[in-house]
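Step one of this worksheet: look at the structure below.
Just so we're on the same page: letters track the sequence lines, and every chain starts at 1.
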Amino acid sequence: MKRKKALFSAAAVMTLSTLFAGFGGIGGAFAATAHRAPIVNGGTMVQTFPTAFGLNFIPFLSTSAYTAQATAYSFDSILRFNRKDQLSADIVNKWSVSPNKLTYTFWINPKARWSNGTYITTADIKLGVDWLLSTSYNKTDGGAYGYLLSNVAGVPKSGYLPDGQTPSGFKILGPREFSVTLQQADAAALPAGLAAITPLPAQILGKIPMSKWKGSAFDLHPWVGSGPFITTSVVPGQSITQKANPYYVLGRPHIAQNVWKVISVDVVNGDLASGQVTIAGIHAIDAAQMKKVPNLNLSVVPTNGFDYLGWRLNNATFGSVFSQVKFRQAVEYALNRPAMIKALYAGYGTVENGPLPPINFWYNKALNGTYAYNPAKANALLNSIGMKIKNGWRTMPNGQPFTPTLTISSGNATIQRQADFIQHFLQAVHINLKINPPINFNTILNQLNSDANGKQPIQAFLLAWSLSNDPDPRGLWRSTDNLNTVTIDWTNPKDPAIQLNDKLIHESHGMAAYNINYRIATLNKWQALLNQQLPENFLFDQSTVTAYNKNLHGVVFTPYGNLDPQKWWLSTGN
Amino acid sequence: MVSYVIRRLLGLIPTLFIITVIVFSLMHLMPGNAFQALVGLNPHIKDAAKVIAQRMANSGLNLSWPQQYVNWIVNLLHGNLGTSFEFQQPVTTLIGTALPNTVTLALTAELIILIIGIPIGVFQANRVNKGFDISTSLFAVLLYSVPGFIFALFLIFIFSFTLNWLPSMGTVTAAVPWSGDLGDRIQHLILPATALALPSVAYYTRLMRANTLQVFFQDYVRTARAKGLRSGRVLFRHVLRNAIIPITTQFGFDIGGLVGGAVILEQIFTWPGMGELTINANLNRDYPVILATTLIFAVMVLLGNLIADILLASMDPRVRYN
């Protein structure tokens, strides 16, 4: 379902709640259904969105994650990530990089066609590039993905060009061959940027000025596409119906129709059980009950993301304590994370000790087992920084009361229970953590975004990140990254650890990082640094639990999404 | 009558003005705005503050509140409710899709309420303290004390999940040739309208029973009986006509109430109406949609009151249009 995760190429994208995470239905490669019966063609598969989707279906245009999911079924990017998180052929079936690592040359698969049978050419690729770098997209429409090509030669600092202007770094070498030259070598450029270039049908969109794409007939209902399923009808707020693309480059899908339905999370389990929904993510705590439903199978796979407890390090009241590494280490030891996973997610989750989850290809295995639950060690660390116990509660080193508050978003019972557990475990080491009444997520954002002086009420908070295929930490972890500033604010330029963090991140994508062993070593050092520094308290990686009808076969569940929908098929009975 | 209606309609204007001023002020007092949610935590936007400021300027949110309000009123008078920050669609388009769905749901629920609630109430009064009255009264109290969304889940469980007779979501069936046919739409309407109606059915039953009992003991009913009229004629001609007057008033008030009351049920049944639109708009600080939906809810309530007054005046000759 999340085939276009590559779009979020650098660090991460916010997950608003476990609801969304669960919804994503990310399965596991290991759980792919083995079925020896002959494959059947035809049938209708029903997938779900928990709330309404947006109505802009031109790639990259919609701000709705659900629309992006549906769009990803209709438009393929030039390369894809396979179940092992490696780049593999899609619309482009061959590529090479020049010795100076600046120019990438790509060859379009001769079999790549649009759903109307016409061949995909470099003119379509060019239109996709022009769109991502256009003024209309980046200035008027927000341009959340313009960054993908910001390193291409000829792209100005603003990050965009006049509509229809192609950057000098993009060259058409033939009807099926093109090259992209970068401004500077970057080991993450292909997986975290260029791979997501998405050809757009020049035969249709080439005739419309880009300023008029949004809201155009094609935007509201794209009748031609390059992905496995092409949209046939859209009922706003209710459903998107897609039919199999007979010319799909990776093979005609077995399933004839795919329907995305908006279905309330309150009833999705029942719809799965009654067979009205074919596949959907469910809450982990419902897994045991859903296992008993005779017509359903379950898939449990880790996600490529994690939950964390953040502290505003610049907080005017308690920032002096939050900023101490030993305080954050004490918190990590104080939290019984395996117990929390068991209670909150029925055991479906993994303890997280660094910025990448254990499932990630680039994960540093040396982090395994660090920060095992140890309240005695937590107490010792807190004692060592002068936080004495007075009337049962720890004080600041200067003797003032230490009563930090945890801010949580409303409307998510799991987050509230998470907060209760954290409070319980911190109270056990005499930290008097108070939980503020839950507030709207937008209010949390507002407080985080306007806390430059550390005087906003937010002190500790619970958030989660869903990571992209490539572990490029830029955008999130550098001291200059906006997202770092507005969340944990681990940005003190005089801190040697932060200086080292920036240096390692820089080295993880430079020229030397084209050598995979070098990149692994650098990212390992970076993960070890963050494991030791704990700029935020890493909690756990919640697994994604997906329930699907027993008549659905061939799904490749991975931490990066449910892959290869063209290979899925529906048997005729349960 | 016409001048009365016109006077009442004109009287709505200052009320609506006050409502919009209050909503506009409260909306801006809420922390955050739509663009912070859309842009604020995107790791790839280099200067989020600049982008947010630019998008706020594009949407006129950098102007003073009074100026924004005046602009909104001017646009409203031109039939322009603005563009949704979240969906990037004209608000009129969004409401044009959502409002008919909600009105259909509310009116169907109202129909169910009247068709079931009135006869049961009358028969309860006619057989007061008998088996029918006691059993249906107990049932009515049960219905009235359970929130509509519980009924919704219960109805879905029985009729959709277990029996698979009726769909549990949406207004039409996707990906079938009969999608959107009248029969298809009615099928989708039954469960949400019933769930919305059930608590009110109980209320109307109790109301109708009490009104009917009150009228039963009036002198003119006794006189009618003394004249030897058949009990059916007394009931329908003399009792019901008078007992139903408070119900018609309630009916008018309920029009606005049901539209607002459908909010939670619309979420459960994924009914793409005003409820879901309103909740999303409020959570995402989508100001143009918040204002438009509030305005529409307010208009519905005020019109409902007006209809109630007109119905009352037309049914009760003692009430005059003044």
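Residues B/Phe157 and A/Val267 have side chains not in contact (no heavy-atom distance under 4.5 Å, counting atoms from C-beta outward). At least one side-chain heavy atom of A/Thr443 sits less than 4.5 Å from a side-chain heavy atom of B/Arg285. Side-chain contact between A/Lys261 and B/Thr270: absent, with no pair of heavy atoms (C-beta onward) separated by less than 4.5 Å.
Contact annotation for B/Gln267: only backbone heavy atoms (N, CA, C, O) come within less than 4.5 Å of a heavy atom of chain A. Both the backbone and the side chain of B/Ser160 come within less than 4.5 Å of a heavy atom of chain A. Heavy atoms of A/Leu220 lying under 4.5 Å from chain B belong exclusively to its side chain. Contacts of B/Ile268 with chain A are made by both backbone and side-chain atoms, with heavy-atom separations under 4.5 Å. At a 4.5 Å heavy-atom cutoff, A/Ala273 makes no contact with chain B through either its backbone or its side chain. Residue B/Leu153 touches chain A through its side chain alone, counting heavy-atom pairs closer than 4.5 Å. Of the atoms belonging to B/Thr171, heavy atoms from both backbone and side chain fall under 4.5 Å from chain A.
For B/Trp178, the CH2 atom is loosely surrounded, since the number of other residues' heavy atoms within 6.0 Å does not exceed 12. Atom CD of A/Gln289 is surrounded by 12 or fewer heavy atoms from other residues, nucleotides or ligands within 6.0 Å. Residue-environment remark: OH (B/Tyr69) exceeds the threshold of 12 foreign heavy atoms within 6.0 Å.
Distance CG/A/Leu272 to CZ/B/Phe161: 9.0 Å, rounded to 0.5 Å. Considering CD of A/Gln238 and CE of B/Met169, their distance stands at 10.0 Å, rounded to 0.5 Å. Atom-to-atom distance recorded for B/Trp271:CH2 and A/Ser264:OG is 15.0 Å, nearest 0.5 angstrom.
Judged purely by atom type and a 3.5 angstrom limit, A/Thr241 has no side-chain atom pairing as donor or acceptor with the backbone of B/Ala174.
Your options are A/Thr232, A/Asp266, A/Val262, and the one with the most heavy-atom pairs under 4.5 Å with chain B is A/Val262.
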What verdict does the side chain to side chain donor-acceptor pair (under 3.5 Å) test give for B/Ser168 and A/Asp271, after you've listed the backbone C-alpha separation in whole Å, the side-chain angles of each residue and the deciding distance to 0.1 Å? CA-CA 8 Å; B/Ser168 64; A/Asp271 283 323; 3.1 Å; yes
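B/Asn164 and A/Ser274 make their closest contact through ND2-O, 4.1 Å (heavy atoms, listed as atom of the first residue, atom of the second, distance).
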